[in-house]
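Lettering of chains follows the sequences in order, A, B, ..., and the numbering in each one begins at 1. The basis for the numbers below is simple: all heavy atoms, side chains too, and nothing from hydrogens, waters or symmetry mates. In this text, all values refer to a predicted model and were calculated from it rather than measured experimentally.
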Amino acid sequence: MIEKGGYIRDIFQKPVGTSVTAYGWVKTRRDSKGVHFIQLNDGSCFQDLQIVIDAGTLPEDVLSQATTGACLRVGGELVESPGAGQSVELKAREMHVYGPADPQTYPLQKKGHTMEFLREIAHLRTRSNTFGAVFRVRNALSFAIHKFFQERGFLYLNAPIITTSDAEGAGAMFGVTTLDLMNLPRTETGEIDYDRDFFGKKAGLTVSGQLEAEIFALAFSNVYTFGPTFRAENSNTPRHLAEFWMIEPEMAFYDLEDNRKLAEEFLKYIIAYVLDTCAADLELFNKRIDNTVLSTLVHVAGSDFEHVTYTEAIAILEKAGRAWEFPVHWGVDLQSEHERYLTEETFKKPVVVTDYPREIKAFYMRLNDDEKTVRAMDVLAPRIGEIIGGSQREERYDVLLNKIRAQGLPEEAYWWYLELRKYGTAPHAGFGLGLERMLMYVTGMKNIRDVIPSHPWLRRVLNRRKPHPMRALL
RNA sequence: UCCCCGUUAGCUCAGCGGCAGAGCACUCGGCUGUUAACUGAGGUGUCAGUGGUUCGAAUCCACUACGGGGAGCCA
């Protein structure tokens, strides 16, 4: 139990001469003839507390157990440090070893490790400098997100995680069932009989909270969701996860312009918050992971995003004189190579692209008067690609119904979505931000698997498992 | 899902048909205050697995497993 003010980050704020007790894990240890140094970290801040032990102060059997990885309690006096790396240090009087760590087998070394190796020891990587910083920034980012919306009066909405809505078109859903998979009930026509399942119909994990957010926006005006989302897509890239966290604000009386401005204000706000509160952590990323991170964040927080329409973006790409792997002409969706060109070469900062062709975007996006484009927007970030996707929603009942029918979607499944337009409809808009993608952008981390709290025994949960050879026989 | 690349000591990697290697970590020692300390010495192996080619395989071939990159899809 850590008493108030017991975190190492608080100890740094105390005056020299104070008697303090520090708790934490040994990061490194250095020994000289007459003095021992231990770097102690409790995760509360990037800076380690340097413990100084004069030879003979502590019993040898205690000191010998205080090796890299061990968990300690150290009592002593906070003193000015004559060394260069820190202003104060803890001169030890008393030490207790909660948990030793055998140096011969403890996998974390003082030297740098590859991310691939650290991923295999996901239960210990949290004690490394890099992952300490990742999860402190993730925490700050999450807090900043709530702060931004709460300051603006948005209602925080917990969208359901299990859903029986088959109207969500964002991606493949993980099934949720209590049926006996070895003995599935069948209907007369041989289909799986979901009437006999737990919810009486086919259920799955949510792929988006947007439709729920629309329900709430048309009652509470401005709302946002912030929660886990699941996609059973067979995506295997450093930018995709099967489970990730998404922030989805939805605003009544907002058009696409308002939506775009809010998205920009939002991104700048959370970046500024992290710059303000996680300076030491960001310096680590800048030094060890990507030496452009800090300057990029400062630049983005202080400058205006670019805005181009899809049509303008296509014109830029056509004039680029590149041999695109995917040829560019009006009507095609933007590919990774196109997004990268726009963000990394043309503008060198986040770019908002709006008004895409209706054919390549979802049915619920509001049709423009030209009847060719819809009020969609993507915020593209250098290196990450699409970080935000959003749109002004189609609020006109007849237009929405026609689009549902034209796309061959099951009209009956959208009855409630249509009723939102039938009774008291309002113009509204919203967007979705992937928390992990934002975290990648802020930290410079190159693989999305390194910004999530995963467990060693679930290491592969976030990757799709390769098909088992026996599967062909089933 | 498709296309590439990889798997050798705890970690990072070299070796690419003929004795299993280096740096770091680790162990023991030296050093009056170190900052991923410095410094001397020392031990470290299912060469991912299975099968094949060969007098001989870490090395060549096949399959499997796992990891990484790129693409598609998207956040």
Side-chain angles (χ1 to χ4, degrees), chain A residues 27-39 47-55 64 67-69 79-86 89 91 101-121 128-129 169-172 207-210 228-248 284 287-288 325-326 333-337 339-340 360-362 378-381 384-390 431-441 446-450 459-460 463-470:
Chain A
K27 197 158 274 173
T28 68
R29 168 174 170 169
R30 297 174 292 275
D31 298 297
S32 277
K33 181 151 182 97
V35 62
H36 310 272
F37 300 96
I38 287 172
Q39 299 298 124
Q47 174 102 46
D48 303 317
L49 179 63
Q50 175 159 279
I51 311 292
V52 186
I53 304 143
D54 287 329
S64 67
T67 55
T68 304
V79 297
E80 269 184 56
S81 176
Q86 59 285 314
E89 60 192 19
K91 201 169 187 63
D102 183 354
Q104 297 209 46
T105 56
Y106 186 66
L108 281 176
Q109 303 170 6
K110 299 177 202 180
K111 290 283 179 183
H113 293 290
T114 60
M115 292 300 149
E116 290 77 17
F117 172 67
L118 290 169
R119 224 168 276 152
E120 290 175 14
I121 50 164
S128 68
N129 283 330
V207 295
S208 165
Q210 182 198 316
T229 308
F230 308 87
R231 302 271 169 94
E233 300 285 355
N234 188 10
S235 297
N236 198 340
T237 82
R239 300 180 306 282
H240 289 85
L241 292 167
E243 174 184 327
F244 62 100
W245 278 58
M246 193 150 63
I247 299 95
E248 294 179 288
L284 174 86
K287 192 172 154 196
R288 296 267 171 87
E325 190 186 339
F326 294 86
D333 206 352
L334 298 182
Q335 305 295 323
S336 286
E337 56 174 341
E339 295 179 353
R340 294 189 76 127
I360 59 172
K361 288 291 179 185
D378 284 352
V379 181
L380 310 177
I384 312 295
E386 185 180 340
I387 196 167
I388 278 181
F431 60 83
L433 170 76
L435 178 68
E436 286 79 9
R437 288 214 181 148
M438 187 63 201
L439 197 51
M440 286 172 77
Y441 184 64
K446 286 168 187 62
N447 193 312
I448 200 164
R449 294 167 202 127
D450 296 327
R459 196 153 58 85
R460 301 179 66 194
N463 267 334
R464 184 174 180 275
R465 190 181 168 78
K466 286 182 182 167
H468 192 276
M470 288 299 284

So, is [X] close to the [N] phosphate, meaning a side-chain N or O under 4.0 Å from OP1 or OP2?
X: A/Arg288; N: B/rA36; result: no
X: A/Gln335; N: B/rC73; result: yes
X: A/Thr114; N: B/rU12; result: yes
X: A/Thr28; N: B/rA37; result: yes
X: A/Ser32; N: B/rU34; result: no
X: A/Thr237; N: B/rG69; result: no
X: A/Arg239; N: B/rG69; result: no

What about [X], does its side chain sit under 3.5 Å from the base of [N] through a donor-acceptor pair?
X: A/Gln50; N: B/rU34; result: yes
X: A/Glu89; N: B/rG33; result: yes
X: A/Gln109; N: B/rG10; result: yes
X: A/Ser235; N: B/rC73; result: yes
X: A/Arg30; N: B/rC31; result: no
X: A/His113; N: B/rC11; result: no

Using the [atom1] atom on both, measure [N] against [M] and round to a whole Å.
N: B/rC55; M: B/rC28; atom1: C1'; value: 45 Å
N: B/rC60; M: B/rC66; atom1: C1'; value: 22 Å
N: B/rC73; M: B/rU54; atom1: C1'; value: 47 Å
N: B/rA65; M: B/rU50; atom1: P; value: 15 Å
N: B/rU8; M: B/rA58; atom1: P; value: 15 Å
N: B/rA41; M: B/rA57; atom1: P; value: 37 Å
N: B/rC16; M: B/rG70; atom1: P; value: 30 Å
N: B/rU59; M: B/rA20; atom1: C1'; value: 12 Å

Taking the side chain of [X] as heavy atoms from C-beta outward, which of [options] is closest to it?
X: A/Arg119; options: B/rG68, B/rU35, B/rG72; value: B/rG68
X: A/Phe117; options: B/rA75, B/rC11, B/rG68; value: B/rC11
X: A/Lys33; options: B/rC31, B/rU12, B/rC73; value: B/rC31
X: A/Asn236; options: B/rU1, B/rA75, B/rG72; value: B/rU1
X: A/Gln104; options: B/rG69, B/rA75, B/rC26; value: B/rC26

message: Treating A/Asp102 as the side-chain partner and A/Gln104 as the backbone partner, does any N or O pair qualify as donor plus acceptor under 3.5 Å?
response: yes
Atom-pair distance ([atom1] on [X]; [atom2] on [N]), nearest Å:
X: A/Tyr106; N: B/rC11; atom1: OH; atom2: P; value: 15 Å
X: A/His36; N: B/rC31; atom1: NE2; atom2: P; value: 13 Å
X: A/Ile448; N: B/rC73; atom1: CD1; atom2: C1'; value: 14 Å
X: A/Phe37; N: B/rU32; atom1: CZ; atom2: C1'; value: 10 Å
X: A/Phe326; N: B/rG70; atom1: CZ; atom2: P; value: 14 Å
X: A/Asp333; N: B/rA75; atom1: CG; atom2: P; value: 11 Å
X: A/Glu116; N: B/rG68; atom1: CD; atom2: P; value: 6 Å
X: A/Gln39; N: B/rG33; atom1: CD; atom2: P; value: 16 Å

- request: Mind checking A/Glu436 for me? I need base, sugar-phosphate or nothing, with any heavy atom below 4.0 Å counting as a touch.
  value: nothing
field: Euclidean distance, A/Glu80 CD relative to A/Gln86 CD, rounded to 0.5 Å
entry: 12.0 Å
statement: The answer to which of A/Arg340 and A/Ala84 contacts RNA chain B further toward the 5' end, by nearest nucleotide, is A/Ala84
- request: Please say whether more than 12 non-hydrogen atoms of neighbouring residues, nucleotides or ligands are located less than 6.0 Å from NZ in A/Lys446.
  value: yes
